[in-house]
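Below: the structure, in structure tokens.
Not measured: the values here are computed from a predicted model.
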Amino acid sequence: MNTILNISAYQFVPLPDAAALQPMLLARALELQLKGTILLAEEGINLFLAGPGEAVHAFVAQLHTDPRFADIAPKESWSEHPPFKKMLVKVKREIIRMDHPTIRPAQGRAPAVSAATVRRWLDTGVDDDGRPVVTLDTRNDFEVDEGTFDGAIDWRITKFTEFPQALRDHQADLQGKTVVSFCTGGIRCEKAAILMREAGLEHVYQLEGGILKYFEETDGAHYSGGCFVFDERRAVGTDLSAVEKT
């Protein structure tokens, strides 16, 4: 029976007090007997938590009392056991490392497109203006190998810090197209979409909530395989249940 709620969420928001937040959030999570990882940086928060549904929701409710985290909307899935062994809260330079300091999502997000809209665009291959639509996988190569959107562009990067150079190498291929950048939960494709906009690509969107939100809000059409997740489940399918290991 699946009684463990797994959530992932992030928020790009200035956190000059990230170091002070670390012990507070760790104490709250331990009090609720949660397991997972929370990353804090000056640019925001990124979290992956698991535990009984009531405890997880209580932690999120506490987060929402801080106005900076009021808009956090976690992606949810259920499992039989917690996919994490311990509870960690770490302070990092970036909550997702890109090594591109001018990219500051808290100063303005890239335009986002909903899962339902992406599914509709992929049905026809064009956006609402008739422009060809391509999906761009911003994840690492081993994640892509687990599953991705049919026909997605894959630059075979091995770490996210390689994305800016990959964009410089392939930018001409994206001209004149509507580009939907996507990733697991939205954090990498948000930074990627901002970078592409700054590079001069006009019609770039991020998939709101990433692959996990696409699975949650659609039937998973146009996606083949599972979605790699960084926990003991390894991957989840379009129904957000763990993919059986082979």
Is R68 salt-bridged to D17, going by a charged N under 4.0 Å from an acidic O?
yes
Check for a donor-acceptor pair, side chain of K191 on one end and backbone N or O of I96 on the other, with a separation under 3.5 Å.
yes
Are L15 and V89 connected, step by step, through hydrophobic side chains (Ile, Leu, Val, Met, Phe, Trp, Tyr) whose heavy atoms are closer than 4.5 Å?
yes
Scanning both residues in full, the closest heavy-atom pair of K92 with A41 reads O-CB, 3.1 Å
Taking the side chain as C-beta and beyond, is there a heavy-atom pair between V113 and V180 under 4.5 Å?
yes
When clusters are formed by joining ILVMFWY residues with side-chain heavy atoms under 4.5 Å apart, either directly or through shared neighbours, do L26 and L49 land in the same one?
yes
Kindly compute the distance separating OG1 (T117) from CG (D128), expressed to the nearest 0.5 Å.
7.0 Å
Does one side chain, of E76 or H57, offer a donor that lies under 3.5 Å from an acceptor on the other?
yes
With salt bridge (charged side-chain N to carboxylate O under 4.0 Å, His left out) as the criterion, how do K159 and E162 come out once you've worked through the C-alpha distance, each side chain's angles and the decisive distance to 0.1 Å?
CA-CA 6 Å; K159 52 188 176 182; E162 295 173 1; 5.0 Å; no
F84 ring center near F48 ring center (under 6.0 Å)
no
Once you round to the nearest 0.5 Å, how far does CZ of R119 lie from OG of S114?
12.0 Å
Are any of the side-chain heavy atoms of L5 and P52 separated by less than 4.5 Å?
no
Is the number of heavy atoms from other residues, nucleotides or ligands under 6.0 Å of H81 NE2 greater than 12?
no
How about E31: does its CD atom have over 12 heavy atoms from other parts shown lying under 6.0 Å from it?
no
Between N6, L212, I211, which is the residue that forms a side-chain contact (heavy atoms from CB on, under 4.5 Å) with V236?
L212
Run Q11 and N46 through side-chain contact (heavy atoms from CB on, under 4.5 Å) and show every step you take.
CA-CA 7 Å; Q11 182 82 40; N46 189 18; over 6 Å; no
Heavy atoms from other residues, nucleotides or ligands near CD of Q165 exceed 12 (cutoff 6.0 Å):
yes
Between F215 and C227, is there a side-chain heavy-atom distance shorter than 4.5 Å?
yes
Nearest atoms (heavy-atom pairs only) where D239 meets S241
OD1-OG, 2.7 Å
Determine, using the 4.5 Å side-chain heavy-atom cutoff (strictly less than), whether L63 and V56 are members of one ILVMFWY cluster.
yes
Heavy atoms of P82 and K35 approach each other most closely as CB-CD, 4.5 Å
Sole candidate of D137, T184, T138 that passes side-chain contact (heavy atoms from CB on, under 4.5 Å) when paired with C189:
T138
Determine, step by step, whether S79 and N2 satisfy the side chain to side chain donor-acceptor pair (under 3.5 Å) criterion, reporting the C-alpha distance in whole Å, the side-chain angles of both residues, the deciding distance to 0.1 Å, and the verdict.
CA-CA 5 Å; S79 61; N2 292 334; 5.9 Å; no
Side chain to side chain, L167 and W155, heavy atoms closer than 4.5 Å
yes
Once rounded to the nearest 0.5 Å, what's the spacing between atom CD1 of I45 and atom CD1 of I95?
8.0 Å
Less than 4.5 Å apart, any side-chain heavy atom of F228 and any of V144?
no
Please answer: with hydrophobic residues joined when any side-chain heavy atoms are less than 4.5 Å apart, are L201 and F182 in the same cluster?
no
Is it true that R131 and E202 make a salt bridge, defined as a side-chain N closer than 4.0 Å to a carboxylate O?
no
Quick one: closest heavy-atom pair of K75 and A9, and the distance?
NZ-CA, 4.5 Å
Give a yes or no on whether the backbone of A110 and the side-chain of Q206 come within a donor-acceptor separation of less than 3.5 Å.
yes
If you apply the rule salt bridge (charged side-chain N to carboxylate O under 4.0 Å, His left out), what do you find for R156 with D145, and how did you get there?
CA-CA 10 Å; R156 307 308 293 171; D145 291 343; 3.1 Å; yes
Would the distance check show the side chain of E94 and the main-chain N or O of D99 forming a donor-acceptor pair, the cut-off being under 3.5 Å?
yes
Carefully, step by step, assess T37 and L39 under the rule side-chain contact (heavy atoms from CB on, under 4.5 Å).
CA-CA 7 Å; T37 301; L39 302 180; 3.8 Å; yes
Y205 side chain vs E208 backbone, donor-acceptor pair below 3.5 Å:
no
Are R93 and E42 ion-paired here, with the side-chain N under 4.0 Å from a carboxylate O?
no
Heavy-atom pair of closest approach, residues C183 and G186
SG-N, 3.3 Å
Please lay out, stage by stage, how F69 and V13 fare under the test side-chain contact (heavy atoms from CB on, under 4.5 Å).
CA-CA 8 Å; F69 304 136; V13 60; 4.0 Å; yes
When you group the ILVMFWY residues by side-chain heavy-atom contacts below 4.5 Å and let the links chain together, are W78 and V229 in the same group?
no
Rounded distance [0.5 Å steps], CG in D154 versus CZ in F149:
14.0 Å
Answer yes or no: is there a side-chain heavy-atom contact under 4.5 Å between F59 and R28?
yes
Within a strict 4.5 Å, meaning less than it, do heavy atoms of the T178 and D129 side chains meet?
no
Between the side chain of T218 and the main-chain N/O of Y214, is any donor-acceptor distance below 3.5 Å?
yes
Answer yes or no on whether R139 is positioned over the face of F163, meaning its NZ or CZ is under 6.0 Å from the six-membered ring centre and within 45° of the axis.
no
Can you tell if the side chain of P74 reaches within under 4.5 Å of the side chain of V60, non-hydrogen atoms only?
yes
Does H203 form a side-chain contact (heavy atoms from CB on, under 4.5 Å) with V179? I'd like the steps, not just the answer.
CA-CA 6 Å; H203 308 290; V179 181; over 6 Å; no
On a heavy-atom basis, the closest approach of H64 and A70 is CD2-O, 3.7 Å
Dump the intermediate steps for salt bridge (charged side-chain N to carboxylate O under 4.0 Å, His left out) on E143 and R188, then the final yes or no.
CA-CA 13 Å; E143 298 172 77; R188 281 178 283 185; 2.7 Å; yes
Presence of salt bridge, E232 and K85, under 4.0 angstrom:
yes
Quick one: pull up CG in L47 and CD1 in I72 and give me the separation to the nearest 0.5 Å.
5.5 Å
With rounding to the nearest 0.5 angstrom, report the NE2 to OG1 distance, H222 to T238.
13.0 Å
